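Let me begin by presenting the structure, written as structure tokens, before commenting on it.
This one's a predicted model, so the numbers in the text were calculated from it and none came from an experiment. Numbering starts at 1 and runs along the sequence shown.
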Amino acid sequence: MYRVSVSSGMLALALLPVWTDGAVAQIVAPPPVHVSESKSVPAASPSSATSAPSTPALTLPQALERALAANPELSAARREAEAVAATIRQAGVIPNPNVSMAVEDRRRDTRTTAFELSQPIELGGKRAARVAAASRAYDTAQAELQAKAADIRALVITAFFSVLLEQERVRLANAALSIAQRGTDIAGRRVMAGKVSPVEETRARIAEAGVRLEAQQAVSDLILARRKLAATWGGNAMGMQAAIQVDGNLNSLPPEPSWDAIYAQLQDAPLMQRARTEIQRWQAQVDVEKSKRIPDVTVSLGMQRNNELGRDQALFGVSIPLPVFDRNQGNLLEALRRADKAGDELAAVAIRLDGELAQAYTTLHNAREQARVLRDDILPGAQSAYDAAARGFEFGKFSFLDVLDAQRTLLQTRTQHLRAMADAYAAAAEIDRVLGVSASASFNPSK
């Protein structure tokens with residue numbers, strides 16, 4: 001935890017790092033400072049972005065539950081799976097019978113009336129082939145649904161930690177702005193006392209203006225991150241994102257699993273399953289097209305009334321089309337080429353996911369290492385340099401420019417640390433997306 005203390009009205013800006021479990025704890029913004037002169041330090045305007053929410057803070061499991069229940073894209077994927085499931089039922093339906101009536105001669109005495117019922121009989125296993133093809137299409141839709149769920153989960157995780165990191169960034173910006181305001185006030189009082197040149201006060205005011213701009217930018221980025229998180233469950237109202245406060249743990253980074261462990265799960269990734277079921281679907285469609293090459297038989301039964309002879313006659317008929325010209329050769333060739341294409345797409349998906357997984361794993365490793373170095377080595381050094389510059393300025397050993405340089409270095413280091421943590425969370429979420437919703441169970445960012 002970084003504590004900001006003010007003593008004796010001087011610039012005792014000693015941001016003392018306290019390490020807890022090997023990780024940097026949250027930075028607490030300092031309380032407002034009131035000076036004895038007629039001029040007081042105004043409150044930081046960006047603080048409203050991190051004011052205490054009227055509703056409980058949103059946790060990652062709650063955000064995931066909300067997105068998985070209300071995300072429009074995921075809902076559309078569910079509807080598609082339900083629609084494909086209906087095709088299985090339709091594929092198993094047998095053809096309808098036909099009823100026909102024929103009348104010969106307009107004169108009643110010599111009229112012949114025939115009634116006939118015909119029933120097509122499918123041969124060659126057409127119905128079983130259709131059901132199998134529809135079932136494979138349903139498997140493909142289910143794999144697409146799982147892949148979409150993994151995409152949405154990774155998107156929510158990334159958006160959630162973007163909000164969490166932007167909240168911390170605003171908190172840091174408020175602390176930096178408070179420090180800059182104190183520096184401006186102290187520099188002004190030292191100028192009035194004739195201890196430093198008025199140029200020092202000008203520099204302090206310029207530095208404060210720069211920090212204020214950075215604080216405003218942090219607030220804008222926080223609002224944008226909240227909008228992205230709200231969009232994952234379909235929230236698009238302009239006022240909705242302002243009320244979103246998230247609750248998470250920034251003290252620990254996502255774990256780094258071994259490459260062999262995550263690579264072994266690649267074959268079970270949703271996109272890999274979808275590519276394999278697509279091959280099976282087109283292979284089943286090949287069977288459907290082959291079955292269509294065998295002609296169906298239409299059996300008919302009926303009765304014919306001959307008024308001239310005054311008797312009824314039974315009718316029986318069989319109709320078989322001759323596959324002379326149309327042997328379904330074009331549709332069969334198309335299905336064969338589609339199956340070949342699906343095989344090529346499986347190979348392409350495997351190569352693409354292998355590259356994405358390797359890139360995400362490398363990013364996770366580098367981000368974790370960068371965050372560790374910043375936390376353990378660079379941040380303490382930057383903190384010590386700032387402490388020394390601040391104390392030296394109090395006793396007139398350093399100029400305020402030295403304090404500003406040390407402060408800028410410290411703030412930049414903190415920002416780099418936040419960015420490294422953001423990269424680590426994004427990389428872990430990408431691994432989670434590639435491997436599937438429940439594949440990387442070791443990554444639980446809510447802990």
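Other residues, nucleotides and ligands place no more than 12 heavy atoms under 6.0 Å from the CD atom of Glu65. Within a 6.0 Å sphere centred on CD of Gln329, heavy atoms belonging to other residues, nucleotides or ligands number more than 12. Counting non-hydrogen atoms of other residues, nucleotides and ligands closer than 6.0 Å to CZ of Arg293 gives a total of 12 or fewer.
Leu266 is listed as a side-chain neighbour of Leu353, based on a closest heavy-atom distance under 4.5 Å. No side-chain heavy atom of Val434 sits less than 4.5 Å from a side-chain heavy atom of Leu271. Between Lys292 and Arg327 the shortest side-chain heavy-atom distance does not fall below 4.5 Å. Using a 4.5 Å heavy-atom threshold, the side chains of Leu172 and Arg169 count as separate. Between Leu332 and Lys290, some side-chain heavy-atom pair lies under the 4.5 Å cut-off. With contacts defined as side-chain heavy-atom distances shorter than 4.5 Å, the pair Gln412/Thr415 does not qualify. Contact annotation: the side chain of Trp259 approaches that of Leu357 to within less than 4.5 Å [non-hydrogen atoms, C-beta and beyond]. Counting heavy atoms from C-beta outward, Arg66 and Leu58 have side chains that approach closer than 4.5 Å.
Leu418 CG to Glu168 CD: the interatomic distance, rounded to the nearest 0.5 Å, is 6.0 Å. Remark: Leu410 CG to Asp405 CG distance equals 12.5 Å, nearest 0.5 Å. Atom CG in Leu64 sits 10.5 Å away from atom CG in Leu155 (nearest 0.5 Å). For the atom pair CD (Glu208) and OG (Ser178), the distance works out to 10.0 Å, reported to the nearest 0.5 Å. A distance of 11.5 Å separates CD1 in Ile157 from OG in Ser162, rounded to the nearest 0.5 Å. Rounding to the nearest 0.5 angstrom, the gap separating the CG atom in Asn98 from the OG1 atom in Thr298 is 8.0 Å.
Among residues two or more places apart in sequence or in another chain, the ring-ring contact (aromatic ring centres under 6.0 Å, His included) test is passed with Phe115 by none. Take Arg107 and apply the salt bridge (Lys or Arg N to Asp or Glu O under 4.0 Å) test, not counting sequence neighbours, and it matches Asp105.
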Going through the checks in order, is the salt bridge (charged side-chain N to carboxylate O under 4.0 Å, His left out) test met by Arg281 and Glu278?
CA-CA 5 Å; Arg281 183 173 77 89; Glu278 187 70 5; 2.8 Å; yes
For a side-chain contact (heavy atoms from CB on, under 4.5 Å) check, start with the C-alpha distance between Trp282 and Leu336, then their side-chain angles and the critical distance, and finish with the verdict.
CA-CA 8 Å; Trp282 280 109; Leu336 288 171; over 6 Å; no
Does the pair Val103 and Thr112 meet the rule for a side-chain contact (heavy atoms from CB on, under 4.5 Å), with working shown?
CA-CA 6 Å; Val103 178; Thr112 300; over 6 Å; no
Under the side-chain contact (heavy atoms from CB on, under 4.5 Å) rule, what do Arg338 and Lys341 come out as? Steps first, then yes or no, please.
CA-CA 5 Å; Arg338 298 284 187 185; Lys341 176 187 174 184; 4.1 Å; yes
side-chain contact (heavy atoms from CB on, under 4.5 Å) between Val219 and Gln216, intermediate numbers included
CA-CA 5 Å; Val219 172; Gln216 293 174 354; 5.7 Å; no
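Between Ala371 and Leu253, the closest heavy-atom pair is CB-CD1, 3.6 Å. The shortest non-hydrogen separation linking Gln167 to Ile244 is OE1-O, 4.3 Å. Here the closest non-hydrogen pair linking Pro254 and Tyr425 is CD-CE2, 3.4 Å. Among all heavy-atom pairs drawn from Ala133 and Ala284, the shortest one is CA-CB, 3.6 Å. Listed here is the closest heavy atom pair of Pro97 and Pro120: CA-CD, 4.5 Å. Considering all non-hydrogen atoms of both residues, Ala63 and Phe160 come closest at CB-CD1, 4.3 Å.
Checked for salt-bridge contact, Arg136 and Asp139 meet the test: a charged N lies under 4.0 Å from a carboxylate O. Salt bridge absent: Lys148 and Glu144 never bring a charged side-chain N and a carboxylate O closer than 4.0 Å. At a threshold of 4.0 Å, the pair Glu122-Arg130 counts as salt-bridged, since one of the basic side-chain nitrogens sits closer than that to a carboxylate oxygen.
Asn306 contributes a side-chain N or O that, together with a main-chain N or O of Leu309, makes up a donor-acceptor pair within less than 3.5 Å. Distance alone, capped at 3.5 Å, is enough to place a donor-acceptor pair between the Gln265 side chain and the Ala261 backbone. Under the 3.5 Å distance criterion, the side-chain polar atoms of Arg433 are left unmatched by any main-chain donor or acceptor of Ala154. At distances below 3.5 Å, at least one donor-acceptor pair connects side-chain atoms of Thr362 with backbone N or O atoms of Ala358. A donor-acceptor pair under 3.5 Å links the side-chain atoms of Lys126 to the main chain of Ile294, judged by distance alone. Looking at Gln62, its side chain does come within 3.5 Å of a backbone N or O of Thr59 through a donor-acceptor pair. Between the side chain of Thr232 and the backbone N or O of Leu229 there is at least one donor-acceptor pair closer than 3.5 Å. One N or O on the side chain of Asp296 and one on the backbone of Leu123 form a donor-acceptor pair closer than 3.5 Å. No donor-acceptor pair closer than 3.5 Å links the side chain of Glu166 to the backbone N or O of Asp221. Checked by atom type and distance alone, the side chain of Asp423 never pairs as donor or acceptor with a backbone atom of Ala367 at under 3.5 Å.
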Name the atoms and distances for all side-chain donor-acceptor pairs under 3.5 Å in residues 76-95, with sequence neighbours left out.
{"residue": "Arg78", "atom": "NH2", "partner": "Leu68", "partner atom": "O", "Å": "2.4"}
{"residue": "Thr87", "atom": "OG1", "partner": "Val84", "partner atom": "O", "Å": "2.4"}

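Side-chain contact, Asn366 with Gln370: no donor N or O sits under 3.5 Å from an acceptor N or O. For the residue pair Asp287 and Gln283, no side-chain donor N or O sits within less than 3.5 Å of a side-chain acceptor on the partner. Using modelled atom types and a 3.5 Å distance limit, the side chains of Gln142 and Gln146 yield no donor-acceptor pair.
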